[in-house]
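Throughout, protein chains are lettered first and strands after them, A, B, ... in sequence-line order, and every chain is numbered starting at 1.
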Number of protein chains: 2
Amino acid sequence: MPKVTLYDIARICGVNASTVSRALRNDARLKTETIERIQSVAEKKGYRPNLAARYLKRGKAEIIWFIVPTLGASVDWKSAEFATQHAHDKGYDLAITVHHGDQKVFDRAAERMMQGLSAGAIINRRDIRDLSALDPLRKRNFPIIFIDVPPERSYGEGLVVTTDNEAAGRELVRRCIDAGARQFMLLFRRGVNAVERERFTGAARELRERGVTWVNGITKGDGLDWEALDERVALLGSSQEAVLTFAIPHADALRRKHCTIGCFDDWLGEARPAERVIVAEQDYETIADTAVDRLANLIDQTDGSDHPLARIPVSDYLTRKSYF
Amino acid sequence: MPKVTLYDIARICGVNASTVSRALRNDARLKTETIERIQSVAEKKGYRPNLAARYLKRGKAEIIWFIVPTLGASVDWKSAEFATQHAHDKGYDLAITVHHGDQKVFDRAAERMMQGLSAGAIINRRDIRDLSALDPLRKRNFPIIFIDVPPERSYGEGLVVTTDNEAAGRELVRRCIDAGARQFMLLFRRGVNAVERERFTGAARELRERGVTWVNGITKGDGLDWEALDERVALLGSSQEAVLTFAIPHADALRRKHCTIGCFDDWLGEARPAERVIVAEQDYETIADTAVDRLANLIDQTDGSDHPLARIPVSDYLTRKSYF
DNA sequence: CTGTTAGCGCTTTCAG
DNA sequence: CTGAAAGCGCTAACAG
């Protein structure tokens, strides 16, 4: 089947292409009858607008790109799914793209944003060190919202939507204490990003204020010293003890312990890792909706005013509101 | 910063726009010196090609769309991540989009495929009953590959890339028996799609051939009768028994049993659901790569020959080769 | 080796 | 209420 264009429809209807263009948008200036006639012909002929042509003409696109490091972490896939819905409601399509923490892939995605097919982007820059690929985007005032992990540079504060991570750290401590924990080990890679740092700060403060004792995980550069950690973790054993940690991919060290584990967003370890796992989940829906709203404002220039940094309160724990 | 076009670069370099176009493609016909000069100016001025214009002119796009029901199931997110890499290697960008099992959202995505921004699509139609939105795509010979769940209609066999699900069903039975199971309950929603059906068939045949006894889960229409099931599951209790099942979102019925659970792709239940969980994972990487390869062939028309249905062998179990 | 030219399909002002 | 016309930015055939 050959492609059908506006001109084909115009010819068949005996009108001008611009009339067809208007009819398909339900332009109020046209006679209802004309609109109906044209629309039914377009329907019958299987006409589809060519978005490349539309974007070219208009000089702007209607796709929001959602750029995340992976889809295996709930913070990424759940916020992506919520953002999809919310973007649709606002008349945008949403395309998800994965950078895998790989600088080259990230830079490639950033490039694509400037090539006329993107109205704006929502970016989780976790695991990406170098954001210089975004400089040209900023120069062009390309609409970007950062979620979860902030950019760590002088981007506008209002361009960041993130959880109140310090509150989340405090809250997770409280939950573990409610579950019986009286002694803590904190495992955070504080050098890695702002989120980790803030969670640590919150947890540590809460513990100090409550006079609960804790030890630090053994770090090595930005990360953890896994070997030394194995040894120390091996000493744990009672449900009186809790380990507070980020989502650990290789959580072998924590397997089959009788302690309580508190972690953020989701537990990626073994199915039966410990006596009790307490998960503090971010409020993905609010994060996603807020990000899309703010991005839409940037795109429409609706709103030049400076927004404050969006600090989304930590949600109820263990909620699952997504597809599953 | 205003946008920079080919013409701007052409003017600055004192050449014609088409020369610039060629230079940026490293067209062998141009003098190396000219190419270098033009490229350095383009670089300096921050030139970016406008893909909307390119796609319009060429009449085709270079984005592959990966359409899945959700990102919470490993079959979806892992194959999406592998497909991203492989598509990049083949010179395509890959955009992921989620239909959530929602017919309207799926239809909308199908519409978008025909609007000039998509070179082809890889689709997992799980949870979508009505594929009629794809009819116009077929009429235009739009390149589509189905993965995981086949379309259940007369689409070309070679357009489907899926696991050998019957073999997977057999293999999972073997694993459970190796783990000590001597009695089985099979929980499948056979009416739901071909994958479920084939897994059931494989498991049932393997059990029959081995003379192992099994009972069926209690079904109700296409699904399971959860209440009746709860009661029956409550009777389970020994590690001699195994429950073979699809990935169950709400697996409360199976909590804290001493039986063995065998399931496909990933376990979505509680962190400590049973004495032993055995997961049979599809070979996402091969599925994704095969799908991208075949799609690329369709796009290039490289290959009019009929491919056979791609039946990917079931992979090693419990492998995790992705980002985490 | 490089320039000219004609459009890809759509939108949008301006005319009438 | 509808038509005419210009042009978005790029590419590719053809010309030289």
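Looking at the side chain of A:A53, the nearest of the listed nucleotides C:dG9, D:dG9, D:dC1 is C:dG9. Residue B:N50 places its side chain closer to D:dC10 than to any other of D:dC10, C:dT2, C:dT11. Counting only heavy atoms from C-beta on, B:Y47 has its side chain closest to D:dC10 among D:dA12, D:dA6, D:dC10. Comparing C:dG9, D:dC14, D:dC10 against the side chain of B:R22 picks out D:dC14 as the nearest. Side-chain atoms of B:N16 lie closest to C:dT4 of the nucleotides D:dA4, C:dT4, C:dC10. Of the candidates D:dT11, C:dC10, C:dC8, C:dC10 carries the atom nearest the A:Y7 side chain, counting heavy atoms from C-beta on. With distances taken from any side-chain atom of A:K57 to the nucleotides D:dT2, C:dG9, C:dG7, the minimum falls on C:dG9. Across C:dC1, C:dT11, C:dT12, the shortest atom-to-atom separation from the side chain of A:S18 is found for C:dT12.
A salt bridge links A:D27 with A:R29: the distance from a Lys NZ or Arg NE/NH1/NH2 to an Asp or Glu carboxylate oxygen falls below 4.0 Å.
The side chain of A:S21 contributes no N or O atom lying less than 4.0 Å from OP1 or OP2 of C:dC10. OP1 or OP2 of C:dC10 has not a single side-chain nitrogen or oxygen of A:R58 nearer than 4.0 Å. Note on A:R29: every side-chain N or O is 4.0 Å or more away from OP1 and OP2 of D:dC1.
Side-chain atoms of B:N26 and B:Q39 include a donor-acceptor pair closer than 3.5 Å.
For the side-chain contact (heavy atoms from CB on, under 4.5 Å) with B:I9, the qualifying choice from B:T19, B:V20, B:V15, B:L24 is B:V20, the only one to do so. B:V149 pairs with exactly one of B:D127, B:V160, B:N124 by the side-chain contact (heavy atoms from CB on, under 4.5 Å) rule, that one being B:N124.
The nearest whole Å value for the distance from the CD atom in A:Q115 to the P atom in D:dG9 is 15 Å. Summarising the geometry, the separation between CG on A:L117 and P on D:dG9 is reported as 14 Å, rounded to the nearest angstrom.
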